[in-house]
Each structure stands twice: as structure tokens, then as C-alpha cells.
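Given the structure is predicted, the values throughout are model-derived calculations rather than measurements. The basis for the numbers below is simple: all heavy atoms, side chains too, and nothing from hydrogens, waters or symmetry mates.
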Amino acid sequence: MRPFLEKIRQSDGASWAFLDRVLPDGIPFEWHHHPEYELTLTLNSRGHRYVGDHIGAYDDGDLVLLGPGLAHSWASSDKIDAAGPHRALVIQFTEAWAGSLTALFTEMAALRHLLAEADRAVCFSPEIAAAVRADLEALVGLPADERLVRLLSVFARLTRDDHRSLLASPGRALVAASDADRPRIDKVLEHLHANHRAPIAIAELAEIACLSESALHRMFRRQTRLTPLEYLTQLRIGHACSLLIDTDRPIHVIADEVGYRNLALFNRIFKSRREMTPREFRAAYRRGHHPHLAA
């Protein structure tokens, strides 16, 4: 599942994907996941990013490497240059592609460790992000062969970033699905990501997966390490955090928008996940304190 985008330019004739995402009206909050690694450089935009259980502010030049199956969303709140669009340069590549690269070139051995860290999402230091920014921006106008050479150079510099940080808690990425499970779990997750604001019954998810309810539970826990209800709660609370940070809507309205018709229940679940009430969470962000607590 991929977020709605105003404009996408994608490379042709390449073994990996390069997308130049141009969004004049902003980057919308929209949970999604995919089986590829993703390196994203966000330009002319500031707001918050949501990766697994992580919530953090981003600004112009933010550079993050995501591992496969890690649910995420960016949500913009402002532009640096009001005359220009929000923009994201996105590189996506498969595990097989990365594995063949590190197996073929001993010089790229350090990349293995970086890719392993990407299961929790890697945020690169501002210094390294600034150092590779021109190379990533140059990819837009290069032919496929030169683009690959430039990308390998970027990877080499990223592996030497001693000040990079990990964003999400361990165990938040999806487990690699078997060929039999993959279409089923993808359909269920896409449905949850798109419809988490609405009431969702286990029977509904089981029907989507063409499984019994007990078989659905087993498959879902096998792939996500969570029950469907726990995963749904994670999506809803993440969305609620986005609305608490980026809007002035009353908390009871936010509760309803993310799928909780009972305000007391929403407050109780939110506090159990974020160790503070929604009101306290909003106040903390308004004071400039950005809590990073397990979802």
C-alpha cells in the first residue's frame, strides 16, 4: 500500500526504484508498509514522522533508512520555502538486490550491518545527510548506470556515519512472509491501514484473508508479533498522536476520528500506550518536549 502522491517520477531501466515525490499540498498522514528497503530524503518540509512506535520531528534534509515491513508515515506541518512544494527523494530496493550487492562486492560488507539496523529504521546525522544531499538530488537527472554508481557512493558514506540513531523499538518490522502467507497478510494489513478509523471485526479480517478466525490469529501473530487488535490499536494511537500534534481539534473529536466512540476508553488506551493522557501528550509537544514512548 502506498500513500497518495501528487506527482511521482520513477526511474526506468534500473534494478532498484528511484522516486521523486513532489507534493504541493503537503505530506498526508497515511500508515503504509512495503517489502522493500526505503531510503528517504525529505526536502522543503517539516513535520513529524511515525515509524513503528517512534514519533519524531523532522525538518528539511531529514534522511532515514527503513527496513522491509516497517509501518510508517510522514506528516508535514509546514514548508521552509512557502513558494515551493514539499518533496521527498525515495530509493527503494529489495532484500535480494541488497544481498547480491554485499555478496558480490567485499567493499560493501559494511552495508550488511546498516541494513540489519534498518529493521528499526536508521536516522542519519544532520552532517552525513547534508554531505550526501547533493548526490541524492543529482540522481534525478542521471542515466541508470551513473545513478547506480552514485547510489553506491552514498551507501558507502552512510555506513561511516558514527552518529546515526535507531528510531523504532526492536521487533516492530513484519517477519518475512512465506509465499503462501504474503498475499493474505498484505491484504489484511492494507485493509487495516486504510480503514483503522472504522469499526473492524475479526470476522471481517478473516474473510479478507480467506481463513478461519483462529487461523487468521496464528498467521497475524506469526507475521507481526501482535494480535490484530494490538496492531489496530497501534495504528489508531499513532494517528491520534498525529492529530494531537498537528491540529487543535478537541480530544473527543480526535478520539472519534481514529475509531474510538467512547472518550474514556480512548483516554485509557492512549495512557497505557504513551504513559500520559492525550491532553498531557499535546501539552508536552507544545512545550517542545517530544516524548518517545512505546506505542
Side-chain angles (χ1 to χ4, degrees), residues 1-30 32-49 51 58-68 70 72-98 100-102 105 107-108 111 114-115 118 121-161 164:
M1 178 178 180
R2 310 211 186 265
F4 175 79
L5 302 169
E6 292 293 335
K7 186 176 183 181
I8 299 177
R9 302 188 195 101
Q10 184 165 353
S11 60
D12 295 319
S15 55
W16 50 279
F18 172 67
L19 302 95
D20 180 8
R21 295 175 169 174
V22 179
L23 298 101
D25 297 326
I27 304 173
F29 179 90
E30 190 169 51
H32 65 290
H33 76 285
H34 41 73
E36 300 89 1
Y37 286 93
E38 179 175 297
L39 179 66
T40 296
L41 174 67
T42 311
L43 302 172
N44 196 41
S45 183
R46 61 170 56 99
H48 289 84
R49 54 173 134 69
V51 181
Y58 76 86
D59 210 318
D60 181 57
D62 184 64
L63 184 62
V64 173
L65 176 65
L66 300 164
L70 191 55
H72 59 279
S73 178
W74 270 242
S76 59
S77 58
D78 196 13
K79 292 188 284 190
I80 287 79
D81 176 6
H86 299 263
R87 189 178 176 204
L89 301 180
V90 180
I91 291 161
Q92 292 184 343
F93 53 93
T94 66
E95 291 186 81
W97 184 87
S100 63
L101 181 66
T102 56
F105 299 109
E107 295 87 349
M108 300 300 295
L111 184 59
L114 182 60
L115 295 175
V122 181
C123 181
F124 295 99
S125 67
E127 294 76 18
I128 285 293
V132 301
R133 176 170 177 161
D135 283 333
L136 292 173
E137 290 184 289
L139 295 177
V140 176
L142 294 177
D145 53 351
E146 293 183 31
R147 196 180 297 131
L148 175 61
V149 172
R150 191 70 63 98
L151 177 62
L152 296 182
S153 174
V154 168
F155 281 161
R157 300 182 80 171
L158 296 182
T159 63
R160 294 192 286 272
D161 185 359
R164 62 185 185 261

Intermediate values then yes/no, side chain to side chain contact (heavy atoms under 4.5 Å, CB included), L89 and L19: CA-CA 6 Å; L89 301 180; L19 302 95; over 6 Å; no

What is the distance from atom [atom1] of [X] to atom [atom2] of [Y], rounded to the nearest 0.5 Å?
X	Y	atom1	atom2	answer
H34	L70	NE2	CG	9.0 Å
L151	L142	CG	CG	11.0 Å
L148	S15	CG	OG	6.0 Å
T40	R21	OG1	CZ	6.5 Å
I91	E36	CD1	CD	13.5 Å
K79	L43	NZ	CG	13.5 Å

Basic-acidic side-chain contact under 4.0 Å: R87, D20: yes

Test applied, side chain to side chain contact (heavy atoms under 4.5 Å, CB included); reference residue, C123; option that passes from D62, D161, L65, V51: D62

Nearest atoms (heavy-atom pairs only) where G26 meets P28: O-CD, 3.5 Å

Contact list for residues 135-146, test side chain to side chain donor-acceptor pair (under 3.5 Å), sequence neighbours left out: D135-R150

For Y37, all residues meeting side chain to side chain donor-acceptor pair (under 3.5 Å), sequence neighbours excluded: none

Worked verdict on F18 versus V140 for side chain to side chain contact (heavy atoms under 4.5 Å, CB included): CA-CA 8 Å; F18 172 67; V140 176; 3.8 Å; yes

Working for side chain to side chain contact (heavy atoms under 4.5 Å, CB included), residues R164 and L114: CA-CA 10 Å; R164 62 185 185 261; L114 182 60; 3.6 Å; yes

Do [X] and [Y] have side chains that get closer than 4.5 Å, going by heavy atoms?
X	Y	result
L101	W16	no
I80	R46	yes
L23	P85	no
D60	R133	yes
L39	V90	no

Stepwise side chain to side chain contact (heavy atoms under 4.5 Å, CB included) check, T42 with V64: CA-CA 9 Å; T42 311; V64 173; over 6 Å; no

Backbone of W97 reached by a side-chain donor or acceptor of S100 within 3.5 Å: yes

Whether T102 side chain and A98 backbone form a donor-acceptor pair below 3.5 Å: yes

Distance flag, aromatic centroids of F93 and F155, threshold under 6.0 Å: yes

Flag for H32-H72: side-chain donor and acceptor within less than 3.5 Å: yes

Donor-acceptor side-chain pairing of Y58 and S76 below 3.5 angstrom: no

